[in-house]
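To start, the structure under review is shown below, and the notes come after it.
None of the values given here were measured: they were computed from a predicted structure. Read the numbers this way: they start at 1 and go in the same order the structure lists the ligands and their atoms. Reckoned from all heavy atoms, side chains included, excluding hydrogens, waters and symmetry mates.
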Amino acid sequence: MDFPILNTKVYDKPLVYLDNAATTQKPQQVIDALTQYYLTLNSNIHRGAHYLANQATERFEAVRRQVQEYINAPSSAQVVFTRGTTESINLVASSFCQKFLHEYDEVIVSGMEHHSNIVPWQLACERVGARLKVIPFSDEGVLDLDVYESLFTKRTRLVAVNQVSNTLGTVNPVKEMAAIAHGHGVPILVDGAQSVAHMPIDVQDIDCDFFCFSGHKMYAPMGVGVMYGRQELLEQMPPYHGGGEMIKEVTFEKTTYNELPFKFEAGTPSVADVLGLGAAIDYIRQQGIENIARHEEELMRYAMSQLKEIPNIRFIGTAPHKAGVISFLIGSSHPYDVGTLLDKLGIAVRTGHHCTQPIMDRYGIPGTVRASFASYTTKEDIDALVAALHRIAPMLD
Ligand SMILES: *Cc1c(COP(=O)(O)O)cnc(C)c1O
């Protein structure tokens, strides 16, 4: 078993972990990377003249190249380490918008964004008097690309959209959306939090200008994420945080900034977590991201064929192209009640609005029950969910 925590028993029942869109579990080799770092390498990076500092720096920078390769970035200088997707998006919303967003300008987001890809743009818009425009989506959970096209004006400065919705599971056509944005001379940010561990990612093929993701949703530790950006934009953008490492020279009269990517990495980063991210990328490589994608697709087919037999089940998000995320409701019962009953049977799902309240408003529901998959999810996990739902469905309503 690569993932020790999956041997856990809850309420004396084997754990069935189906909350992978919230965070994935960590394989032994990622856990080992953390302990090895603190056992043998711990020291602050980039500044040291001693052995440990040099070793740690080398390993840290090697992970940057691993990330570069994993997402096919043109250079590792375009890979900025952050604390996660939320910080990555805030970095762009703060720095890019400071430079490029002015009064009466517009930012386009989709109606199915995570709060982390809404609120930073609202804050940026409020600061300067710009406004947010929203791409609507169909009942199935498919973005309306005709309306998307029609939202562009000469005031549009940026598009921000997720590649996979964490609530609906929809895989959005980000490559096509990037082409449309660029047709209007507008850059696009892709929130890859739900795609990066589930399908091959090629930022040059997508041709996005920014790509943001979290380590903890791709088998890596919490506390590390990535902001990839197009070089020309990153060079023009002001620093996000000020402090150590991001400077070239500081005097009280004037400070000059470090080169990319260090300009955006003020202060001591979470070195152990970055090394853990490297171990997670190794793990995904060993499994093969194509194999993981195929496995999860197969699980989706398997799960849907059985879940549709559950009495009174209603699926939220039925797009033709979906990742391993299933949101549903049973009759008129509250998602929280369903989640609690499943929990007592050892099944971990998420309930609520999943940080996507506008999606709940769109459907007029308080929340959903969400089951989401990872590479280690098995047909037995699905069977357990299906059996449990058959068992509890009569208790509801
Ligand atoms: C989880 C998630 C985020 C936020 O990620 P954090 O790791 O909490 O910063 C943003 N967007 C989507 C689509 C997500 O699923």
Does this structure show an ion pair linking Lys379 with Glu298, if we count only N-O contacts that are shorter than 4.0 Å?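 Salt bridge flag = yes for Glu298 with Lys379.
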
Checking a contact table here: which protein heavy atom is nearest [atom], and how many Å away?
atom: atom 9 (O) of ligand 1; value: Thr86 OG1, 2.6 Å
atom: atom 15 (O) of ligand 1; value: Gln194 NE2, 2.6 Å
atom: atom 11 (N) of ligand 1; value: Asp191 OD2, 2.5 Å
atom: atom 2 (C) of ligand 1; value: Lys217 NZ, 2.4 Å

Under 3.5 Å, is there a donor on one side chain and an acceptor on the other for Gln28 and Asp32? yes

Does the side chain of Asn258 come under 3.5 Å of the side chain of Glu265 through a donor N or O and an acceptor N or O?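 Per modelled atom types, Asn258 and Glu265 side chains form no pair under 3.5 Å.
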
Those atoms of ligand 1 less than 4.0 Å from some heavy atom in [X]:
X: Thr85; answer: 4 (C), 5 (O), 9 (O), 10 (C)
X: Ser116; answer: 4 (C), 10 (C)
X: Ser214; answer: 5 (O), 6 (P), 7 (O), 9 (O)

Answer yes or no: does atom CZ of Arg83 have more than 12 heavy-atom neighbours from other residues, nucleotides or ligands under 6.0 Å? no

Could you work out the complete set of other residues in the hydrophobic cluster of Val250, with links drawn between I, L, V, M, F, W and Y side chains under 4.5 Å apart?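 Under the 4.5 Å side-chain rule, Val250 groups with Met246, Ile247, Tyr257.
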
Would you kindly specify which portion of His216 sits under 4.0 Å from ligand 1, judged on non-hydrogen atoms: side chain, backbone, both or neither? side chain

Tightest non-hydrogen contact, residues His353 and Thr167, listed as O-OG1, 4.1 Å

